[in-house]
Amino acid sequence: MAEEKLSTRAENFSEWYNELVLKAELADYSPVRGCMVVRPYGWTLWENIQQALDKRFKDTGHVNAAFPLFIPMSFFEKEKEHVEGFAPELAVVTHGGGEKLEEPLVVRPTSETIIGYMYSKWIKSWRDLPVLINQWGNVVRWELRTKLFLRTTEFYWQEGHTAHATEQEAREETLRMLDVYADFAINEAAVPVLKGIKSETEKFAGAVMSTTIEAIMQDARALQSGTSHYLGQNFAKAFNIQFTDQNNELQYCHTTSWGLSTRMIGAIIMTHGDDQGLILPPRLAPIQVVMIPIFKNDAEKAAVQPVVNRIWQELKAAGIRVKVDEREGLTPGFKYNDWEMRGVPLRMEIGPKDVEKNSVALARRDKPGRDPQKPGAGGKSFVSQENLAASVSGMLVTIQAALLERATAMRDSHIRDPKNYEELKQVVQNDWAFSYWCESKACEAKVKEDTKASTRCIPLEGQPDHAGTCIVCGKPATRKVYFAKSY
RNA sequence: CGGGGUGUAGCGCAGUUGGUAGCGCACCGCGUUUGGGACGCGGGGGUCGUCGGUUCGAGUCCGACCACCCCGACCA
């Protein structure tokens with residue numbers, strides 16, 4: 001049950017987020033520190049994300065499998081950078097069945113190691129390649145500071161792991177999956193992400209190259225929303241993933257990995273939500289249309305209910321995710337607010353007047369219109385019951401497009417091009433800076449030191465056609481990078 | 001792991017010089033209501049975060065611990 005007002009985004013963005021996650025019943029705090037319980041409404045959203053991604057994975061030739069939750073500790077010691085990167089956040093099982101284990105088991109923080117081990121068993125010949133496997137699962141990273149969906153000790157995600165004969169193939173795969181993520185984020189979640197390459201300091205532990213989709217939240221902070229890595233032969237050498245090529249020569253594979261997690265739910269919340277609550281993109285929303293029957297007495301109820309039922313059937317038959325709010329004892333006004341909190345894209349009101357006029361009232365969540373006397377002011381409109389499924393479908397498409405458009409405008413308004421370093425230091429307090437960078441760790445570290453902003457990515461698109469000078473040190477630079485504060 | 005804050009009913013809070021726990025919302029029942037957060041009447045629900053100390057007596061005073069949240073160093 002929704003309670004009264006939320007904190008506003010302007011007052012305290014962080015509070016607003018926390019309250020919204022709880023009140024919209026997406027997730028709740030668990031008795032275990034840093035872990036979350038994903039509630040049915042949040043999980044359904046995740047299932048819709050899974051479906052949209054899984055289809056894209058299958059369409060690009062991948063198959064799903066499941067690897068163990070427990071990984072022998074020694075596996076982590078085989079790849080130097082990997083162990084250094086993950087050692088601080090490993091959860092380790094030392095006992096089982098009441099006895100101390102001979103070798104401790106790590107609860108997977110990511111599965112490169114155990115999958116690498118298995119790939120070395122499965123891959124013998126160039127004919128076995130490429131191997132294109134994805135896994136849906138949970139992982140554990142012992143985080144010091146957690147926040148629902150954005151960073152929790154345990155989280156849910158998918159991790160794709162592929163092995164290829166050549167560097168070129170593996171690099172192509174890395175970028176292909178980055179494109180899949182970007183396509184998903186933009187066209188399903190209406191989150192206008194920027195694709196790019198991570199700096200050396202920001203890349204995945206053990207990768208040769210990390211790529212990312214970066215999103216801008218309403219408070220202008222960056223959220224890394226998905227990553228795709230080219231791992232070179234690092235894991236192949238650590239785990240002996242070798243094959244015999246066409247010339248009968250033994251070669252190491254080139255591997256990739258790519259992941260997208262429940263953090264995406266946080267991205268959706270912080271991209272689209274308003275002070276009224278959640279706003280979900282129609283393509284992913286667990287409930288796309290909520291129907292509110294309105295009646296004052298039994299006679300009106302008798303008139304309204306059959307119409308509600310008929311329309312519900314029609315929408316359902318058309319493949320629309322629709323729910324009728326049949327709760328008794330609550331006023332329509334309360335229900336409006338309640339479903340707005342939960343972010344349902346479209347609300348349909350059906351009362352005696354609609355039955356009489358063969359119409360329904362439709363209210364768009366992305367354009368709250370609180371005064372029905374001023375239909376021009378908000379998103380409330382009255383449409384005929386004829387071809388209603390088509391009108392509703394059309395409106396859902398319109399809402400989806402409007403959300404992406406609004407989010408894109410928001411993103412663009414936050415990207416700035418400071419003229420010099422002094423200006424950059426100001427800009428990154430409330431915006432992103434898109435600046436030439438010499439790609440040295442020293443300059444990157446200096447920005448972080450001075451402003452707390454990090455490099456988010458060197459974007460793959462939108463690079464200038466001429467060289468420039470590093471915004472920090474003034475040395476020649478060929479590419480621009482985004483500097484921003486991040487989650 | 002450092003700094004700050006909070007722990008009293010499901011949630012938000014009050015609780016005086018220490019005297020045996022209360023308000024709002026939510027919940028349950030009945031009735032009236034219902035096109036933008038309804039109302040009346042009745043009802044249920046608390047070892048006051050934990051442990052210890054002071055005291056005739058502790059939600060209140062003292063100490064320790066624990067948990068969670070917020071802000072900083074690491075990360076999807």
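Below, chains carry the letters A, B, ... as their sequence lines are ordered, and counting in each starts from 1. Keep in mind the model is a prediction, meaning the values are calculated, not measured. Worth knowing before you read on, the calculation uses all heavy atoms, side chains too, and leaves out hydrogens, waters and symmetry mates.
Within a 6.0 Å sphere centred on CZ of Phe155(A), heavy atoms belonging to other residues, nucleotides or ligands number more than 12.
The residue Gly351(A) sits close to a base: some heavy atom pair falls under 4.0 Å. Note on Ser14(A): only backbone sugar-phosphate atoms sit closer than 4.0 angstrom, heavy atoms only; bases stay farther off.
No donor-acceptor contact under 3.5 angstrom links the side chains of Gln426(A) and Asp431(A), judged on distance only. In the model, Tyr230(A) has a side-chain atom that pairs as donor or acceptor with a side-chain atom of His254(A) under 3.5 Å. Defined by atom type and a distance below 3.5 Å, a donor-acceptor pair is present between the side-chain atoms of Gln224(A) and Lys198(A). Between Arg108(A) and Thr110(A), the side chains place no donor N or O within less than 3.5 Å of an acceptor N or O (distance only, hydrogens not considered). There is no side-chain donor-acceptor pair under 3.5 Å between Asn234(A) and Glu81(A). A donor-acceptor contact closer than 3.5 angstrom is absent between the side chains of Tyr17(A) and Asp219(A).
If you take CG of Leu150(A) and P of C75(B), they are 17 Å apart, rounded to a whole angstrom. Taking atom NZ of Lys353(A) as the reference point, atom C1' of G36(B) lies 12 Å away to the nearest angstrom. Rounded to whole angstrom, the span from the NZ atom of Lys448(A) across to the P atom of G72(B) amounts to 12 Å. U6(B) atom C1' lies 12 Å from atom CD of Glu15(A), rounded to whole Å. Atom NZ in Lys23(A) sits roughly 16 Å away from atom P in C25(B) (whole-Å rounding). Between the CD atom of Glu349(A) and the P atom of G35(B) there is a distance of 10 Å, given to the nearest Å. For Asn18(A) and C71(B), the CG to C1' distance is 13 Å, given to the nearest whole Å. Phe334(A) has its CZ atom 12 Å from the P atom of G37(B), to the nearest Å.
Ser454(A) places no side-chain N or O within donor-acceptor distance of the main-chain N or O of Arg456(A), the cut-off being under 3.5 Å.
Nearer the 5' end of RNA chain B, as judged by each residue's closest nucleotide, is the contact made by Lys147(A), out of Lys147(A) and Ser486(A). Residues Asn297(A) and Glu202(A) both approach RNA chain B. Their nearest nucleotides, taken by heavy-atom distance, put Asn297(A) toward the 5′ side.
The salt bridge (Lys or Arg N to Asp or Glu O under 4.0 Å) analysis of residues 176-193 of chain A, with sequence neighbours excluded, yields the pairs Arg56(A)-Asp183(A), Arg56(A)-Glu188(A), Glu173(A)-Arg176(A), Asp179(A)-Lys195(A), Glu188(A)-Arg283(A).
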Could you list all N or O pairs between the protein and nucleotides 29-33 of chain B that sit under 3.5 Å apart?
none

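Taking atom P on both G42(B) and U54(B), the two are 46 Å apart, rounded to the nearest angstrom. The gap from the P atom of U8(B) to that of G15(B) amounts to 14 Å, rounded to the nearest Å.
Of the residues in residues 203-220 of chain A, none lies under 4.0 Å from RNA chain B by heavy-atom distance.
When both pairing distances are held under 3.5 Å, C27(B) makes a Watson-Crick or G-U pair with G43(B).
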